[in-house]
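Notes for the one structure printed next.
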Number of protein chains: 2
Amino acid sequence: MDAAGRTESGALPLEGITVVDLTQVVAGPFTTMMLGDLGAEVIKIEAVGRGDRSRSIQPNPAYFDSVNRNKHSVALDLKSDAGQRAAQRLIADADVFVESTKPGRAAAFNLDYETVSELNPELIYCSIVGFGRDSPYEELPAWDMLIQGMSGIMSITGEEGGEPLWSGLPSGDLIAGSYASQSVLAALYARERGRIDGEWIEVPMLDAAISWLTARAGHTFGSGDPFPRLGTHHPSIVPFGKYECADRPIIVAAGTADFWRGFCRAIDRPELLDDDRFATMDDRVDNRAELAEIVEPILRGEESDYWIDRFHAEDVPAGPIYDTKSVWDDDHVQRRALHKTMERDDRADADVIDHPVHFTALTTQLEVAPERLGESTDSILERHGYSPEEIETLREEGVLE
Amino acid sequence: MDAAGRTESGALPLEGITVVDLTQVVAGPFTTMMLGDLGAEVIKIEAVGRGDRSRSIQPNPAYFDSVNRNKHSVALDLKSDAGQRAAQRLIADADVFVESTKPGRAAAFNLDYETVSELNPELIYCSIVGFGRDSPYEELPAWDMLIQGMSGIMSITGEEGGEPLWSGLPSGDLIAGSYASQSVLAALYARERGRIDGEWIEVPMLDAAISWLTARAGHTFGSGDPFPRLGTHHPSIVPFGKYECADRPIIVAAGTADFWRGFCRAIDRPELLDDDRFATMDDRVDNRAELAEIVEPILRGEESDYWIDRFHAEDVPAGPIYDTKSVWDDDHVQRRALHKTMERDDRADADVIDHPVHFTALTTQLEVAPERLGESTDSILERHGYSPEEIETLREEGVLE
């Protein structure tokens with residue numbers, strides 16, 4: 001068993017499953033990366049010449065590498081008949097096809113559901129779309145930031161009284177990508193149980209993002225007011241949020257009566273427990289400013305590591321605010337070895353984040369390092385019935401690379 | 001077929017699957033809601049007297065209702081032997097058990113993996129944890145905001161040059177919840193194929209959140225610098241972000257050469273296409289301020305609806321910034337009927353957000369409205385072999401309600 005609890009002997013849940021992937025940038029590649037982590041063989045079709053658009057997004061190749069391990073790159077010209085036939089042959093042999101092409105594009109490539117489901121009636125076909133069929137915005141290209149704006153995510157992100165902001169994560173992409181992998185797994189399960197032959201799944205990015213409002217929408221439904229921007233505060237929990245220490249800020253989340261008692265012990269002010277102004281959570285919310293006047297100078301008096309140790313000793317949720325560089329040095333993250341490198345024959349190792357879930361009898365894989373454009377074109381096409389001579393001819397014609 | 005493309009005749013992917021749920025607040029309830037949407041019967045065990053802590057989070061009951069449809073509430077005292085035996089009997093008959101109890105709590109309830117897997121060797125047991133076994137923070141309670149701070153999510157959220165901020169979504173909770181439902185589906189599939197008997201899954205919230213850094217971490221791995229806070233700008237795409245109109249701001253994302261051409265047509269300034277300062281994306285990034293001086297007054301001169309129509313006519317990604325109230329009035333959201341109400345016999349309807357994914361041969365359900373604490377205690381226990389007399393006795397003893 002390695003540091004992440006991964007056993008060499010575990011079974012891969014999707015072993016034997018083949019996924020053909022016609023997606024790019026983040027949402028779709030995240031979906032097929034999850035399926036690859038779980039053991040599927042993923043064949044990533046990319047455009048000859050250019051490839052996945054993220055191959056040219058800076059920094060190169062780290063952007064692409066971050067969501068494209070466990071995939072075999074096959075470069076085809078889908079505008080050509082021969083390229084379309086090759087893609088159809090791959091999909092005809094596959095269990096799953098995931099695509100995130102523009103509206104109308106899959107049909108123009110003869111890779112729409114009607115066409116390929118005739119070649120492979122048991123196919124699970126998953127379309128990741130901005131808005132989807134029959135939407136007033138069906139034709140509108142969707143970008144993560146637009147989805148964040150239209151879904152309400154931006155409206156609840158920002159300082160109190162400030163402007164709506166982007167969430168730093170590409171949430172619009174990743175939420176859709178997560179629903180897509182979950183839905184493909186649900187369809188594979190239903191197919192295995194004989195409930196369906198094949199399936200066509202459509203994951204609309206906007207709808208997916210809205211569904212994550214959950215309790216934030218609950219606030220709105222309940223009170224009728226939009227959920228506010230809160231910066232690093234909480235409307236009904238004190239003490240809670242970001243606190244400055246001598247060197248850097250930390251997060252403290254004393255959201256229960258037990259945590260409040262631990263908080264007072266940690267800052268060595270047990271007398272606050274007997275102070276009527278702070279007796280209940282409602283009291284602490286009402287007297288937020290007075291409590292801050294007492295607590296903030298105390299926390300500013302020592303460094304963050306000191307306070308984190310003190311809060312942890314009292315079982316109070318507290319910790320540092322890491323950036324995307326310092327996070328890898330954390331004790332937990334180091335012990336889990338979440339940052340992995342994957343070797344590549346003739347170029348620099350790829351940096352990846354390991355699959356975060358721990359299985360027991362099952363396992364996940366980091367098997368195929370992110371590939372160069374077309375790195376597996378020949379081997380994959382040969383396995384699907386193309387002779388070396390046919391491949392050579394298609395290469396001369398510019399149909400593949 | 002209804003507005004969301006849901007067919008009455010579709011098969012539910014998880015029909016026949018029973019999930020026992022011992023989770024509360026957001027992460028775990030979101031997991032089991034997804035499984036319920038997909039057709040599983042979910043039995044939600046709650047503490048007698050108090051129930052899921054989110055039942056008392058304001059606004060009540062909207063907060064709880066937002067992640068608890070499609071579940072039957074059974075209220076048990078798990079500190080009592082008889083309550084533990086009842087829970088064990090439910091789990092012995094189930095396919096899946098999802099729990100998010102504090103470290104050591106499941107064992108104290110005799111509901112740890114070792115105990116219940118002996119009663120039910122085919123059980124898929126899923127633990128949602130803050131940090132997990134063998135972590136230096138194993139004992140530390142995890143709250144969404146702490147996970148956002150420690151994972152790097154806060155560090156990439158905020159204004160350029162400003163402070164790190166919370167993402168408005170409870171991302172730490174929902175990311176873990178999504179991995180949990182995906183992992184349970186993967187395990188059910190592997191079990192159906194005979195790869196495993198049962199399975200124990202652990203989903204650590206911190207690791208799950210870090211894995212979503214994806215391309216943001218890619219930036220860090222590539223350049224060695226932490227990914228910055230960007231407010232509503234993009235470091236390498238112009239024009240892109242939030243633009244003020246006469247009435248309110250909109251989002252415009254002109255991230256390709258085609259979109260730039262459409263952008264110039266939409267604002268009726270075709271001469272910008274021949275301006276050397278803005279010829280390529282790199283030029284537009286270099287001359288960002290000069291372009292803003294030209295573009296911003298134009299956009300401020302008309303209302304947002306005017307500009308959105310103009311941009312859409314040119315296929316440029318653009319749209320409003322909705323809040324959690326205005327989002328429900330959008331044409332697309334109305335047509336999808338994403339905001340649903342579920343009737344309840346003796347109290348107000350529940351407001352819910354429908355499952356966002358469209359299946360074809362398969363379907364999802366909105367079947368069981370969010371229940372009162374213990375609403376299904378009697379019916380579920382009777383189905384699992386308890387007589388009405390036994391239930392009456394247990395109720396008198398305070399073991400259930």
Taking every heavy-atom pair that is under 4.5 Å apart, which of [options] has the most such pairs with chain A?
options: B/Ser236, B/Gly39, B/Cys126, B/Pro59; answer: B/Pro59
options: B/Val203, B/Asp330, B/Leu14; answer: B/Asp330
options: B/Leu213, B/Val67, B/Leu35; answer: B/Leu213
options: B/Trp328, B/Phe240, B/Phe227, B/Tyr137; answer: B/Tyr137
options: B/Glu138, B/Glu163, B/Arg229; answer: B/Glu163
options: B/Ala209, B/Ala180, B/Pro164, B/Ala217; answer: B/Pro164

Go through the atoms of [X] and report whether side chain, backbone, both or neither lie under 4.5 Å from a heavy atom of chain A.
X: B/Ala186; result: both
X: B/Leu188; result: both
X: B/Asp351; result: both
X: B/Thr214; result: both
X: B/Phe131; result: both
X: B/Leu38; result: side chain
X: B/Leu338; result: side chain
X: B/Gln58; result: backbone
X: B/Phe30; result: side chain
X: B/Ala187; result: both
X: B/Ile57; result: neither
X: B/Ser326; result: neither
X: B/Gln148; result: neither
X: B/Ile147; result: neither

Top contributor to chain B contacts, counting heavy-atom pairs under 4.5 Å, from [options]:
options: A/Pro249, A/Ala62, A/Pro228, A/Pro136; result: A/Pro136
options: A/Gly177, A/Gly319, A/Ser135, A/Ser54; result: A/Ser135
options: A/Leu185, A/Asp144, A/Ile321, A/Leu165; result: A/Leu165
options: A/Leu174, A/Asp323, A/Asp134; result: A/Leu174
options: A/Gly218, A/Ala253, A/Ser171; result: A/Gly218
options: A/Pro29, A/Ala190, A/Pro61, A/Ser66; result: A/Ser66

Pair B/His312-A/Leu140, side chain to side chain contact (heavy atoms under 4.5 Å, CB included): steps then yes or no: CA-CA 7 Å; B/His312 285 192; A/Leu140 188 67; 3.3 Å; yes
Could you point out which residue of B/Ser178, B/Ser181, B/Ser183 forms a side chain to side chain donor-acceptor pair (under 3.5 Å) with A/Gln182? B/Ser181
Check: [X] side chain, [Y] main-chain N or O, donor-acceptor pair, under 3.5 Å:
X: A/Glu199; Y: B/Phe359; result: no
X: B/Thr157; Y: A/Ser167; result: no
X: A/His219; Y: B/Thr324; result: no

Identify the two heavy atoms, one from [X] and one from [Y], that lie closest to each other, and give their separation to 0.1 Å.
X: B/Met150; Y: A/Tyr322; answer: O-CD1, 2.9 Å
X: B/Ser211; Y: A/Asp354; answer: CB-O, 4.5 Å
X: B/Pro356; Y: A/Pro204; answer: O-CD, 3.3 Å
X: B/Ala318; Y: A/Leu146; answer: C-CD1, 3.3 Å

Could you check whether any side-chain heavy atom of [X] comes within less than 4.5 Å of a side-chain heavy atom of [Y], counting everything from C-beta outward?
X: B/Asp225; Y: A/Lys325; answer: no
X: B/Trp212; Y: A/Ile353; answer: no
X: A/Val252; Y: B/Trp143; answer: no
X: A/Tyr189; Y: B/Ile17; answer: yes

Is it the side chain or the backbone of [X] that comes within 4.5 Å of chain B heavy atoms, both, or neither?
X: A/Tyr113; answer: neither
X: A/Val333; answer: side chain
X: A/Leu12; answer: backbone
X: A/Asp65; answer: neither

Evaluate whether atom CG of A/Asn60 has more than 12 neighbouring non-hydrogen atoms of other residues, nucleotides or ligands under 6.0 angstrom away. yes
Going by salt bridge (Lys or Arg N to Asp or Glu O under 4.0 Å), name the residues that satisfy it together with B/Arg195, two or more places apart in sequence or in a different chain. none
Evaluate A/Glu202 against B/Val357 for side chain to side chain contact (heavy atoms under 4.5 Å, CB included), listing each step before the verdict. CA-CA 6 Å; A/Glu202 184 184 68; B/Val357 176; over 6 Å; no
How would you list all residue pairs meeting salt bridge (charged side-chain N to carboxylate O under 4.0 Å, His left out) that involve residues 206-224 of chain B, not counting sequence neighbours? A/Arg336-B/Asp207
Rounded distance (nearest 0.5 Å) linking atom [atom1] of [X] with atom [atom2] of [Y]:
X: A/Ser151; Y: B/Leu169; atom1: OG; atom2: CG; answer: 7.0 Å
X: A/Trp166; Y: B/Lys242; atom1: CH2; atom2: NZ; answer: 13.0 Å
X: A/Phe221; Y: B/His339; atom1: CZ; atom2: NE2; answer: 4.0 Å
X: A/Ile201; Y: B/Leu362; atom1: CD1; atom2: CG; answer: 7.5 Å

Can you check side chain to side chain contact (heavy atoms under 4.5 Å, CB included) on A/Thr232 and B/Met145, steps first, answer last? CA-CA 9 Å; A/Thr232 52; B/Met145 194 188 195; 3.7 Å; yes
